[in-house]
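Input: a single structure, listed below in structure tokens.
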Amino acid sequence: MTSTHAETPQNKAGTPGAVDAAALRAAVDASFDLTLARLKTLVAVPGIAWSSFDPSELDRSAETVAALVRESGFSDVQILRCNKEDGSPGGPAVVARRPAAPGKATILLYAHHDVQPPGERALWDSEPFIAEERGGRLYGRGAADDKAGIMAHLAAFSAVSEVLGENFGLGVTLFFEGEEEAGSPTFRTFLETHRELLRADVIVVADSSNWKVGVPALTTSLRGLVDGTFEVRVLEHAVHSGMFGGPVLDAPTILSRLIATLHDDAGNVAVPGLLAKDQVAVDLDEAQFRADASVLDGVSLAGSGSIASRLWTKPALSIIGIDAPAVDVASNTLIPSARAKFSLRLAPGQDPEAAMAAVEAHLVDKVSFGARVTFTPGERGNAFATDTSSASARIAMWALGEAWGVPAVEMGIGGSIPFIADLTEVYPEVQILVTGVEDPDSRAHSANESLHIDDFRRAVLAEALMLAQLDSSGLA
């Protein structure tokens, strides 16, 4: 990660691009109340792409987004979907196009309209699907991840259209996915089916975070991801814990022992064969990281090396679910089987298939007392790293710094956006820029997800500046 002043972008002739920043700022500010109201409308639709939730709400989410896209000035708007491998329909994506004028480039603006499930209502301070403003933030499921990304795209486009009028010749394609939070199961098929429809010179993925409130960032690296489940079995069926306990260990105990082998005593991932690097330019402040991650006093941080490398360029393995009897319904029996789900974040450069094989080999090798292990692989996603020396990346850094009034930061993210690897494979010649509206306290995927409202306004302005500069830059 580096923090640098971005130079003023220049066009091919070497002269600064003619961008009226003051007019764009005025246009963004004048329509911001409407932008925020539209975001609240989107938050109110609980579109969740998981099979256990009502699919009609996901369809309603796509239709609501499509209506807002038309209101923003797009006439060519479609709701498209592809089938999954099992033949069932994938999530509905909203695609809209505005063709480029002769000699102008085309930019693809990506975000997703589906959201994570809300989780336990008791953990929220307000209704998850009723957007509520408190303390300068907007609370609600999807307020940050990623419906604010959709509205940043639409509001920025509207502002540039208003300021430039007929002189705005940049081609703009919108791609608002409807199944990202479910792992984007039809994303690659969708890209290959609509390859020409989505073709662009630059792709902006608005699904990441900024450095902190008041400091913007361009995300330059993401970790990859593999996940799966493993089950241990020790008995054919449950038996009385008093009559048989002692000579036989129950499955949850064996599972716990196996889980414990996944990390060493310092908390480093102990699975052989996984790539790990400690190569970051600037480290994170430990006190700030602990506060952002809500680490309790007295709890030590895990792993070795810099905090930034542990978060961005080293693997991280978490157990995110366990199937075993709940405490409230537990009986005095030896449990015959227990299952866990793991999530493994991968360092940039790590092959997901090799990582999956390494986890399976480790579990089979380390299971104790001869228990049977059944391993079921899940999702796989590649890591991402980008070159920030390109003209479009320099424009993005300039626009972010101009909108926030402070230098933009190039940063890694510990999370994963696996579909970006698909974008790079289908469109290898395209520059991909990863931006976002979140900050370390947005709590995406958690209760009380929120969006910093002033930073959201700045994100809209930054994208408007970027679109206007790309329009005048001669990139094509």
Side-chain angles (χ1 to χ4, degrees), residues 36 39-55 57-58 60-61 112-151 179-183 207-210 212-213 225 227 229 252 259 288-302 311 316-330 339-343 345 379 413-416 436-453 455-456:
L36 202 60
L39 177 56
K40 293 177 181 179
T41 297
L42 290 181
V43 171
V45 184
I48 300 171
W50 298 17
S51 59
S52 52
F53 289 82
D54 183 359
E57 293 289 6
L58 189 62
R60 186 162 70 94
S61 177
H112 63 87
H113 66 87
D114 67 303
V115 299
Q116 282 279 320
E120 295 183 38
R121 170 63 184 88
L123 298 177
W124 287 79
D125 295 334
S126 55
E127 290 296 329
F129 294 108
I130 300 177
E132 180 176 300
E133 294 184 46
R134 299 196 305 273
R137 302 187 72 96
L138 183 69
Y139 288 83
R141 176 58 86 225
D145 183 19
D146 185 31
K147 292 177 176 180
I150 291 174
M151 286 313 308
E179 58 180 17
E180 194 275 344
E181 298 293 9
D207 193 19
S208 188
S209 179
N210 289 301
K212 63 180 180 180
V213 171
L225 171 69
D227 65 26
T229 61
I259 290 172
Q288 185 62 54
F289 176 79
R290 293 178 68 91
D292 292 341
S294 71
V295 179
L296 298 178
D297 290 342
V299 176
S300 300
L301 298 185
L311 187 63
L317 200 158
S318 304
I319 300 300
I320 59 174
I322 294 179
D323 285 338
V327 171
D328 289 344
V329 296
R339 186 172 67 144
K341 182 172 184 178
F342 73 92
S343 174
R345 305 288 176 166
E379 298 292 331
I413 290 288
S416 308
V437 295
E438 298 175 29
D439 63 81
D441 198 36
S442 287
R443 305 187 190 185
H445 294 201
S446 300
N448 296 313
E449 177 183 343
S450 69
L451 172 75
H452 190 276
I453 295 173
D455 269 9
F456 177 48

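Residues take their numbers from the sequence shown, with the count starting at 1.
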In terms of heavy-atom contacts, Ala444 and Glu438 come closest through CB-OE1, 3.6 Å

With Asp455, which residues qualify under side-chain contact (heavy atoms from CB on, under 4.5 Å), at least two apart? Val213, Trp404, His452, Arg458

One should read off an interatomic distance between Leu39 CG and Lys147 NZ, to the nearest 0.5 angstrom, of 8.5 Å

Arg290 meets the side-chain contact (heavy atoms from CB on, under 4.5 Å) criterion, sequence neighbours left out, with Glu286, Val295, Leu301

State which residues pass side-chain contact (heavy atoms from CB on, under 4.5 Å) with Asp328; sequence neighbours excluded, sorted by chain then number. none

Before giving the answer on side chain to side chain contact (heavy atoms under 4.5 Å, CB included), spell out for Leu225 and Ser343 the whole-Å C-alpha distance, their side-chain angles and the decisive distance to 0.1 Å. CA-CA 7 Å; Leu225 171 69; Ser343 174; 3.4 Å; yes

Going by heavy atoms in the side chains, are Arg121 and Pro128 under 4.5 Å from each other? yes

d(Ile322 CD1, Lys341 NZ) to nearest 0.5 Å is 13.5 Å

Please check if the number of heavy atoms outside Arg339 that lie under 6.0 Å from its CZ is greater than 12. no

Does Glu379 have any salt bridge (charged side-chain N to carboxylate O under 4.0 Å, His left out) partners at least two apart in sequence or in another chain, and if so, which? none

List the residues meeting ring-ring contact (aromatic ring centres under 6.0 Å, His included) with Phe289, not counting sequence neighbours, and say none if there are none. none

Going by the rule salt bridge (charged side-chain N to carboxylate O under 4.0 Å, His left out), which residues pair with Asp145 if we only count those two or more places apart in sequence or in a different chain? none

Ser208: partners by side chain to side chain donor-acceptor pair (under 3.5 Å), with sequence neighbours left out: Thr219

Any carboxylate oxygen within less than 4.0 angstrom of a Lys/Arg side-chain nitrogen, looking at Lys40 and Glu132? no

Measure across Ser209 and Ile413 and return the closest heavy-atom pair with its distance rounded to 0.1 Å. CB-CD1, 4.3 Å

Residues Asn210 and Gly436: closest non-hydrogen pair is ND2-O, 3.2 Å

Report the residues that fulfil ring-ring contact (aromatic ring centres under 6.0 Å, His included) with Tyr139, sequence neighbours left out, ordered by chain and then residue number. none

For Glu449, is there any backbone N or O sitting under 3.5 Å from a side-chain donor or acceptor partner on Arg141? no

Please find the pair of heavy atoms, one from Ile453 and one from Glu133, that lie closest to each other, and give the distance. CD1-OE1, 3.6 Å

Kindly write out the residues that satisfy side chain to side chain donor-acceptor pair (under 3.5 Å) with Asp146, not counting sequence neighbours, or none if the list is empty. none

Between Ile150 and His113 the two heavy atoms that sit nearest each other are CD1-CB, 3.6 Å

Pro118 and Phe129 have their tightest heavy-atom pair at CG-CE1, 3.8 Å

Taking salt bridge (charged side-chain N to carboxylate O under 4.0 Å, His left out) as the definition, give me every residue that meets it alongside Glu179, ordered by chain and number, with sequence neighbours left out. none

Give the table of side-chain donor-acceptor pairs shorter than 3.5 Å for residues 42-54, with sequence neighbours excluded, one pair per line with atom names and distance.
from, atom 1, to, atom 2, distance (Å)
Trp50, NE1, Glu181, O, 3.3
Asp54, OD1, Ser56, N, 2.9
Asp54, OD1, Ser56, OG, 2.8
Asp54, OD2, Ser56, OG, 2.8

Could you work out, with side-chain contact (heavy atoms from CB on, under 4.5 Å) as the rule, every residue matching Ser318, not counting sequence neighbours? Ile320

If you round to the nearest 0.5 Å, how far is CG of Asp439 from CZ of Arg137? 4.0 Å

Side-chain contact, heavy-atom cut-off 4.5 Å: Arg134 with Ser126? yes

CG of Asp323 to OG1 of Thr229: how many Å apart, nearest 0.5 Å? 8.5 Å

Side-chain (Asn448) to main-chain (Asp125) donor-acceptor, under 3.5 angstrom: yes

